[in-house]
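Here the structure comes first, spelled out in structure tokens, and everything after it is commentary.
Just so we're on the same page: letters track the sequence lines, and every chain starts at 1.
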Amino acid sequence: MSAQDFLTLNHVSKVYRRNQSLLERLKKTDTGGTKAVSDVSLTVRHGETVGLVGESGCGKSTLARLVSGLMEPTSGEIAFRKDGAGRTPRLQMIFQDPYSSLNGRWTIEDIIAEPIRVHKLRRGRAAIRARVDELLTQVGLSPADAEKYPQEFSGGQRQRICIARALAGEPEFLILDEPTSALDVSVQDQILNLLRDLQKNLALTSLFITHNLSVVRIMADRIGVMYLGELVEEAPSEELFLRPRHPYTRLLIDAAPDMDTSDRSLHPIAGELPNPAFPPSGCRFHTRCPFAKDICRNTAPPQKTAGTGGMFRCHFDLELSNAQAIPPASKARTA
Amino acid sequence: MTTPLLDVRDLTVTINRDGHLITALDKVSFSVNPGEVLGIVGESGAGKSITGAAIIDLLVPPLKRTGGTITLAGERLDRLSPKAMRSVRGGRIGFIFQDPMTSLNPVISIGRQLCDTIEAHLKIGGEKTKRKALEWIERVGLPNPEVQFRRYPHQLSGGMRQRIVIALALCANPALVIADEPTTALDVSVQAHILQLMRDLHRESRASMMLITHDLGVIAKMADRVAVLYAGRVAEISTVGELFNAPKHPYTRGLIRATPMPSADGEVRLDQIPGAMPGLGAVPPGCAFNPRCFKAEGDCRAAIPPLTTEESAAFSCFHPLERETA
Amino acid sequence: MTPVVNTPSVPAARRSRLSKLLRAMRRAPGPTFCAFIIFALLIYAFVTPLVSLNPFEFSGMSVMDSFIPPMWMADGMPDFPLGTDDQGRNLLTAMAYGMRTSIIVGFLSVIIGLVLGGSLGLIAGFVGGKVDAFIMRVADVQLAYPALLLAMIIDGAARAALGAERSVTTAITIVVLSIGIAFWVQYARTIRSSVMIERDQDYVSAARITGRSNLSIIVLHILPNVMAPVLVIATINLGIAIITEATLSFLGIGIPVTSPSLGTLIRNGNNFLQSGEWWISVWPCLVLVAFVVSVNILGDHLRDVYNPRLRGRS
Ligand SMILES: Nc1ncnc2c1ncn2[C@@H]1O[C@H](COP(=O)(O)OP(=O)(O)OP(=O)(O)O)[C@@H](O)[C@H]1O
Ligand SMILES: Nc1ncnc2c1ncn2[C@@H]1O[C@H](COP(=O)(O)OP(=O)(O)OP(=O)(O)O)[C@@H](O)[C@H]1O
Ligand code: SF4
Ligand SMILES: [Mg+2]
Ligand SMILES: [Mg+2]
């Protein structure tokens, strides 16, 4: 681990075991389970935002819960850089659903003050209240909102409260699991702007999870792409969009419709997402990959490093071998 | 100018909340030309689904249509008896919902459901129905039609279910298809499939389509003309090219700019619209958008701007945006 | 359209709570009426003993006045509006004492059931796994026996263990414990299922990431969110507990005659039904029915109001 590295994931896997029936337990048969995260290695450097994208069920939330310590990995290790005193950094997390992430029986003041009280960041009622007011103002709400209950706020306002609560813990590391997916565009926009300002001003290290490629491109310095529990590519943000090395990344970028009305072609990815509980053999993407050869069906591709400091997991290199096979990606999006 | 297939004038829907009547749709007017795809776009709660439901008379209390006319190919749908309406629904108007499970019966095989719809609306029977059903399963891109015919909805994935719903909506050769967020519940990679399928089938059948969505990307790829709804009113209607390149209503431009689409340097600041759309019954006087609008002046707060119509476009704003030379 | 008026002087939450209550009362006149009956009976039961002599102590009764019918009957006396019993006790006062015992026993046993079942349910739901399986299996087994039978068994066992010489307080304690234990399962099950929903909510995850201990998460976050439905069940169970106690006393294994409950009064009156002194048992019966039915109607209503699945229908 270098001095720059803030968080390292080392071959992390997580298997959700199916609930076994009594008979199965007696017979000691291993019924397996869903390997939601499979052999993921990733490094987050100090002050950097790493984005994670992927389709529903690819294990993004599971990875977030592993990093946050809410769950233990089945194998592999997750290590944070410890400070001089051997203390692990303070974490906070922002969740997708702004309705279930606030306790409806608490006032906004108590909700935001909770991390302050737990970590003893301020002492005394007045000091805590002053900090809560400051945070509310910082996220664009008013100090008068402190006495209200979560039910009195809209989804976007609730997400601001969640951000205020996360900031109240003065986190050194922030995990954001689809923080804007439940919100409307105009509100999503306000939240993204707020988060970007905070990133800039507080020099936060963070993990930003989303299924929206445009959002992750705006928010992240580096991006990891997940498919069926595996990290298939990881690269600096712009590099990933301009020169994707893994076929899935390329196809995913093209699949989301953009707002260009002159080119109305659609680019679906062939086939359907396999059931994550039974991932295909060899390369997990081979059932949908336009470049798949025999080797892909039988052998899992190794993790290759790209010159730009990224990595990808494919038997071939899109940059070198198959560049002509499909039209260049992300042309429209850079317009 | 062509005569429109569907013409909706001053459609008004109210919600009865504890005896108070709240306006959910306020004099919504638009039309759909034959063979055209009209996109309906707006934020959550703008009234998109209610508009679709009102046309096929699927509003349930406390929602109620309280005014306006709906004309389908010269026939006044708003005056039809419930019984006559039932044969229009699924017959001349097909519909596709966001959640495929709401249009599929979980305990009946999908083949049976297709056959029932075909029999009810095409007045054919026996082997011919089954052949037609199998043909549709194949047309919406499911492998092994004979196998799928006997399967039940829960045995299909979300994308496959939505394909069956599309088959159900189109198998009676409708003149108009209303699709309410047909791809919102699906993943990006599957979404593109379904959109492609809808486009192909639309080209073959030349049915008109009302495509309801909150995703401007989907609108840009699929719609010919677009109606933008805001707080239960029409903000702007225009062709898709005009809408994205020269929007007239400040809200339309705000919505487009708010959709994250980074430029090459990746350092675009998102232009945000302040505030949020007013909830039901909290619509401010005058233009519903005035508290969030950078062009708002006194007149915007005083009166509701009328829907100004020019050719196939329309907007409701006192201070429309000039065409930008950028 | 109504303009939005800001009145910062009145806390929004409190003002709306009062107006909500008033509106709820107007909408549901039946349950409101029941609430008034309960309130009146509570006052009757707890105020009467303060202003009258205890008819179950020697100074309070006079055998001379026994078997006097209610005042509107031929031999009635205005001093005894509802008549007297075989020992010459004024029924109006005697019933107040009886009610007081019944209500105290009811409340205490409900609280015991609530605390016992509530804690076991919390633990089962939060910890899960083997602990959960064990607690819930015990609950299943207990559910196979009717609550009354169970209360009788526990009562009988306790009496056998303690022997013959037992005071009134011991008897009441035994009854309270046996009814409380007989009813814990329902609370445990309800709380457990709510806890299992709440513990996976994101606000609990957020508290955990912040560094809260399990205990403070349970007490501060989960408990306030799972209490509403059990409190409703508790109101309903209050009626059932009072009836169970009355049944035990009627069968003669509950509370001794020296500190009677409504059940003891009914049992006593039952001896004289044949000989025409109906009032001795009918009045306590009526009061018992009025109280229990009111509590049940109110509880049912509260359950509908708090049932999340029915919420938002209005
Ligand atoms: N508690 C659980 N028990 C069993 N399986 C689970 C559990 N949580 C998630 N899974 C499975 O693990 C896989 C990964 O789930 P995860 O929630 O991490 O996906 P995700 O990428 O966050 O998806 P989404 O975009 O839908 O949030 C899925 O197949 C899911 O069904
Ligand atoms: N059955 C109903 N009862 C009461 N209010 C309703 C009902 N259905 C819809 N509404 C309200 O009417 C308004 C418009 O609803 P509608 O479903 O048309 O929105 P939408 O534009 O389709 O939004 P979304 O993108 O979330 O689907 C909303 O404020 C909604 O809360
Ligand atoms: S390894 Fe093969 S199947 Fe997998 S992405 Fe690369 S080319 Fe496609
Ligand atoms: Mg997730
Ligand atoms: Mg809708």
Side-chain angles (χ1 to χ4, degrees), chain A residues 19 22 25 61 64-65 67-71 88 90-108 110-121 142 144-145 147-152 158-159 161-163 165-166 168-171 173-175 177-179 182, chain C residues 4-17 19-20 126 128-130 132-134 136-137 140 191 194-231 306 308 311-312 314:
Chain A
N19 271 343
L22 187 66
R25 246 177 288 162
S61 299
R65 298 176 84 81
V67 170
S68 68
L70 287 172
M71 279 188 319
T88 48
R90 270 195 301 271
L91 297 187
Q92 282 294 330
M93 183 157 167
I94 294 167
F95 299 85
Q96 169 169 0
D97 180 3
Y99 291 88
S100 86
S101 50
L102 298 174
N103 186 344
R105 306 249 159 198
W106 285 29
T107 62
I108 303 306
D110 286 332
I111 288 172
I112 297 179
E114 183 174 31
I116 305 178
R117 298 209 169 101
V118 172
H119 294 305
K120 304 195 170 55
L121 297 169
S142 106
D145 292 330
E147 273 108 60
K148 296 187 186 162
Y149 286 85
Q151 293 78 359
E152 300 171 51
R158 280 165 173 251
Q159 209 57 306
I161 295 167
C162 292
I163 294 173
R165 171 176 62 189
E170 293 174 19
F173 188 67
L174 189 58
I175 302 165
D177 187 2
E178 314 237 19
Chain C
V4 183
V5 189
N6 264 335
T7 46
S9 53
V10 187
R14 211 186 316 149
R15 183 192 49 198
S16 67
R17 211 167 284 167
S19 70
K20 255 190 217 154
F126 194 81
K130 293 214 173 74
D132 177 32
F134 178 73
M136 291 335 278
R137 283 307 81 73
D140 286 346
I191 290 230
S194 322
V195 168
M196 291 179 94
I197 295 169
E198 295 299 325
R199 71 160 187 212
D200 292 334
Q201 298 289 305
D202 290 340
Y203 71 85
V204 172
S205 299
R208 197 168 280 155
I209 291 172
T210 295
R212 282 261 191 221
S213 68
N214 280 341
L215 187 65
S216 60
I217 286 178
I218 292 182
V219 174
L220 296 172
H221 283 287
I222 292 184
L223 201 55
N225 280 293
V226 298
M227 278 318 279
V230 262
L231 287 182
Y306 279 114
R311 217 184 276 162
S314 55

Handout entry: Pairwise side-chain contact, T210(C) with H119(A), heavy-atom cut-off 4.5 Å (strictly under)
Key = yes
Problem - Partners passing salt bridge (charged side-chain N to carboxylate O under 4.0 Å, His left out) against D132(C) (at least two apart in sequence or in another chain) - result: R192(C)
Practice task
For W106(A) and L220(C), work out which heavy atoms get closest and say how close.
Solution key: NE1-O, 3.2 Å
Completion exercise
Cut-off 4.5 Å, heavy atoms of chain C, and the answer for L91(A) is both
Problem - Which portion of R65(A) sits near chain C, non-hydrogen atoms under 4.5 angstrom - result: side chain
Practice task
Can you measure from CD (Q201(C)) to CG (D97(A)) and round to the nearest 0.5 angstrom?
Solution key: 8.0 Å
Problem - Winner by heavy-atom pair count (cut-off under 4.5 Å) against chain A, out of E198(C), R208(C), H221(C) - result: H221(C)
Exercise for the section: Measure the CG-CD distance between D202(C) and Q96(A) for me, rounded to the nearest 0.5 Å. Expected result: 8.5 Å
Exercise for the section: To the nearest 0.5 Å, tell me how far R105(A) CZ sits from Y203(C) OH. Expected result: 9.0 Å
Exercise for the section: Mind checking the CD-CD1 spacing from Q92(A) to I209(C)? Nearest 0.5 Å is all I need. Expected result: 7.5 Å
Handout entry: A207(C) to E114(A) - nearest heavy-atom pair and separation
Key = CB-OE2, 3.9 Å
Exercise for the section: Could you pull out all residues at least two apart from D140(C) that satisfy salt bridge (charged side-chain N to carboxylate O under 4.0 Å, His left out)? Expected result: R137(C), R189(C)
